[in-house]
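Below, read A as the first sequence line, B as the second, and so on, with proteins coming before strands; counting in each chain starts at 1.
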Amino acid sequence: MRYSQTFIPTLKETPAEAEVISHRLMLRAGFIRKLTAGVYSYLPFGLAAIRKVEQIVREEMNRAGALELLMPMVQPADLWRETGRYEKYGPELLRFTDRHDRESCLGPTHEEVITDLVRGEVRSYRQLPLNLYQIQSKFRDEIRPRFGLMRGREFIMKDAYSFDVDDEQAGISYQKMYAAYQRIFARCGLQFRAVEADSGSIGGSYSHEFMVLAKTGEDTLAVCQHCDYAANVEKAAIKATADASVEPLLALVKIETPGKRKVEAVCEFLGIKSDKLIKTLIYMVTGGAEGVGTAGENSQQGYALAVLVRGDREVQEVKLKNLLGAAVVELAEDKAVFDLTGVPTGYLGPVGALGLKMKVVADFEIATMRNCVVGAGEKNFHLQNVNLGRDFEVDILADLRQIAEDDPCPHCGGVLGQIEGIEVGHIFKLGTVYSSPMRAVFQDQDGHERPMIMGCYGIGISRIVAAAIEQNHDDNGIVFPVAIAPAQVIILNLGLKDGAITAVAESLYAQLQTQGLTVLLDDRDERPGSKFKDADLLGIPFRVTVGTRLGKDGMIEIRHRRDGLTVDLAPDQAVKYLHDQISAALNQIEG
RNA sequence: CGGGGCGUAGCGCAGUCUGGUAGCGCACUUGACUGGGGGUCAAGUGGCCGGAGGUUCAAAUCCUCUCGUCCCGACCA
């Protein structure tokens with residue numbers, strides 16, 4: 001690439017719309033431009049980085065035996081109805097009708113399409129296993145797109161789907177993908193961690209997320225400091241504590257607590273710690289499974305549910321959702337709470353009439369508490385010395401709260417830490433969630449018809465580039481890992497009008513390309529300062545400066561972007577030096 | 001979906017409170033000088049002040065409505 005012939009519109013100033021570092025730098029470096037909310041054009045240099053990532057993903061998927069294909073982005077609604085997801089998926093699924101009034105949607109993921117494809121072609125166990133993948137733009141109509149490529153509505157994703165004859169084989173497919181993912185992210189030069197995860201709207205039995213560790217991460221991970229346990233806090237299980245409090249039960253007391261609604265205020269007023277208080281939260285649940293909602297109410301319309309957790313704990317809504325089999329759970333608004341219960345928020349409690357109005361579910365921890373404080377179910381009053389079993393009952397006890405830093409590791413009991421991460425990959429064991437309703441079946445050796453056992457495996461290609469920048473930058477710009485840099489070397493010609501300097505720069509450019517390196521030759525008629533600044537901003541790992549020094553001592557300068565290490569070499573040594581450096585960087589990661 | 005911010009030249013912003021000739025920096029064009037960390041000087045180009053309606057002699061500025069965009073929240077009583 002010759003800089004003068006390419007299109008890399010760098011910006012000196014940061015556009016006002018960008019908040020996080022990767023977004024800012026990608027705009028400034030001329031990688032992306034926004035078309036509309038959450039939708040970006042990839043400019044040539046940004047695309048080059050994306051292509052590098054794609055290539056690594058391709059190589060590792062192929063190595064793991066997966067086969068590339070490409071599926072349509074526009075999908076018929078009827079296909080989604082077969083699995084019920086046309087109704088369940090929610091507003092993230094962009095729906096529209098075509099000129100014939102056929103209902104359609106833009107594919108946010110492709111389980112239905114791939115399952116439809118495979119069920120039409122695969123009849124026999126002899127044709128399995130099968131793992132098919134594609135790299136394609138996806139569209140999800142996110143509530144709130146943000147952070148540039150980190151959470152766009154349109155984004156590039158690699159999605160793979162495996163089909164196996166039985167659970168054991170499916171486990172092998174899953175493990176192959178797990179290993180391939182480890183290699184992919186390592187090769188990309190990322191610091192990452194695989195964690196246990198919730199399977200979300202995709203469904204299925206278990207899954208792992210691959211998280212790039214970065215402060216701007218949207219997910220929080222619970223990581224054991226002793227064993228190798230790591231999980232998304234949405235998922236991190238908490239064991240029911242066996243040892244209940246042994247305090248003697250005290251007599252129930254009603255206390256006036258005027259204006260004290262918040263946990264903090266109540267605790268301060270009563271002189272207790274928040275771990276003596278039970279919060280009563282009202283949730284609105286939609287799409288819930290039968291038997292959990294209030295009798296007589298249609299679960300499609302939603303129902304209210306009371307959730308109890310200790311005062312200093314937080315409800316983990318994903319756990320709640322999973323417990324209920326619900327599509328959506330959301331905290332009821334103050335007005336709705338009053339309309340339902342006749343009690344203003346802040347004074348709700350499980351004692352008395354609440355249980356008649358709605359089901360009450362509680363976190364396990366509630367069962368271990370004695371002589372607690374709860375809202376009295378009456379404005380400006382709380383109850384003290386409340387006890388489960390004596391003063392109130394709950395319908396379900398379950399693991400409902402979010403894991404906290406003081407919780408022990410669920411595996412080894414060790415100390416847990418919490419860190420932030422950016423989800424760049426997610427693998428799911430699906431089982432027959434799609435193959436059963438869609439009748440993707442085959443005949444086994446005995447001639448029996450059986451549903452295929454599926455898995456699915458996603459990687460956010462465009463997000464990887466953003467995550468890599470979050471993890472690799474400094475005050476001057478991006479610091480790309482060699483493997484995914486849009487160019488490995490940039491040559492600065494600082495003497496355009498000097499025949500000798502230009503000749504050396506051109507010669508190096510040609511020779512490095514012959515070595516198979518990707519090179520950007522800055523042949524623009526710009527001042528040296530601008531060239532240095534742009535080279536830093538773009539994050540190219542190696543910078544070769546050919547300037548006046550050549551005439552003085554015959555040397556050119558090579559600078560490492562990451563650590564600023566500078567070496568002066570004669571031009572004929574530079575090619576080997578760079579080739580060796582880059583090979584070493586790539587091989588070290590590739591293993 | 002709630003709360004807040006912002007829409008004025010390609011980008012970053014001032015001007016809006018208190019109505020009266022649309023500005024600054026960067027970028028861009030031309031020329032000269034300059035040439036190893038975003039240079040200097042000179043001369044230029046570029047704006048339906050997001051859109052619609054209203055008030056007024058007069059609107060970027062006041063009023064109403066819209067559209068876009070960004071941030072926060074949707075984690076708690």
Side chain of Glu317(A) only, please: which of C76(B), C75(B), C26(B) is the nearest?
C75(B)

For A60(B), give its Watson-Crick or G-U wobble partner with both distances under 3.5 Å, or none.
none

Report the nucleotide, chosen from G35(B), C71(B), G12(B), that has the shortest atom-to-atom distance to any side-chain atom of Arg527(A).
G35(B)

A cation-pi test, strictly: NZ or CZ of Lys254(A) under 6.0 Å from the centre of the six-membered ring of Phe381(A) and no more than 45 degrees from its axis. Yes or no?
yes

If you assign each of Glu526(A) and Tyr347(A) to its closest nucleotide in RNA chain B, which residue comes earlier from the 5' end?
Glu526(A)

Where the side chain of Asp534(A) is concerned, which of A77(B), G38(B), G35(B) is the nearest nucleotide?
G38(B)

Residue Glu19(A), side-chain atoms from C-beta onward, closest of G36(B), C71(B), C1(B)
C71(B)

Sort out for me which residue in Asp363(A), Asp275(A), Asp406(A) forms a salt bridge (charged side-chain N to carboxylate O under 4.0 Å, His left out) with Arg313(A).
Asp406(A)

Looking at Tyr86(A), is Arg95(A) sitting on its ring face, NZ or CZ under 6.0 Å from the six-membered ring centre and within 45 degrees of the normal?
yes

Quick note, Lys533(A) side chain, CB onward, closest among G38(B), C70(B), C76(B) is G38(B)

According to the Watson-Crick and G-U wobble definitions, with both distances under 3.5 Å, which nucleotide is paired to G68(B)?
C6(B)

Checking base pairs now: Watson-Crick or wobble, both atom distances under 3.5 Å. What partners U55(B)?
none

How would you label the contact of Arg549(A) with the nucleic acid (heavy atoms, under 4.0 Å): base, sugar-phosphate, or nothing?
base

Is there a side-chain contact between Thr36(A) and the phosphate of U69(B), meaning an N or O under 4.0 Å from OP1 or OP2?
yes

Look through every strand shown and name the nucleotide pairing with U18(B) as Watson-Crick or G-U wobble, where both distances are under 3.5 Å.
none

If the test is side-chain hydrogen bond (donor to acceptor under 3.5 Å, both in side chains), which one of Glu314(A), Gln316(A), Glu365(A) qualifies with Arg401(A)?
Glu365(A)

In Leu538(A), Ile491(A), Asp534(A), the residue satisfying side chain to side chain contact (heavy atoms under 4.5 Å, CB included) with Leu520(A) is Leu538(A)

Could you tell me whether Glu557(A) contacts a base, only the sugar-phosphate backbone, or nothing, with contacts defined as non-hydrogen atoms closer than 4.0 Å?
base

In terms of side-chain heavy atoms of Lys12(A), which of G38(B), G36(B), C11(B) is nearest?
G38(B)

Any Lys34(A) side-chain nitrogen or oxygen under 4.0 Å from OP1 or OP2 of C70(B)
yes

Counting heavy atoms from C-beta on, name the nucleotide in C75(B), G35(B), C11(B) closest to the side chain of Glu314(A).
C75(B)

From C70(B), G12(B), A77(B), nucleotide with atom closest to Val263(A) side chain:
A77(B)

Kindly indicate, with the supporting measurements, whether the criterion ring-ring contact (aromatic ring centres under 6.0 Å, His included) is fulfilled by His473(A) and Phe480(A).
CA-CA 8 Å; His473(A) 66 269; Phe480(A) 268 117; over 10 Å; no

Quick note, Arg559(A) side chain, CB onward, closest among G25(B), G37(B), C13(B) is G37(B)

Under a 3.5 Å limit on both distances, the Watson-Crick or wobble mate of C76(B) is none

Which is true for Arg261(A) with a 4.0 Å heavy-atom rule: it touches a base, it touches only sugar-phosphate, or it touches nothing?
sugar-phosphate

Just name whichever nucleotide pairs with C33(B), Watson-Crick or G-U, keeping both distances under 3.5 Å, else none.
G39(B)

Counting side-chain heavy atoms from CB outward, which of G12(B), A74(B), G36(B) is closest to Ile143(A)?
A74(B)

Could you state the atom-to-atom distance from CG of Leu277(A) to P of C76(B) in whole Å?
15 Å

Identity of whatever pairs with G23(B) - Watson-Crick or G-U, under 3.5 angstrom:
C13(B)

Considering Watson-Crick and G-U wobble pairs with both distances under 3.5 Å, what does G44(B) pair with?
C28(B)

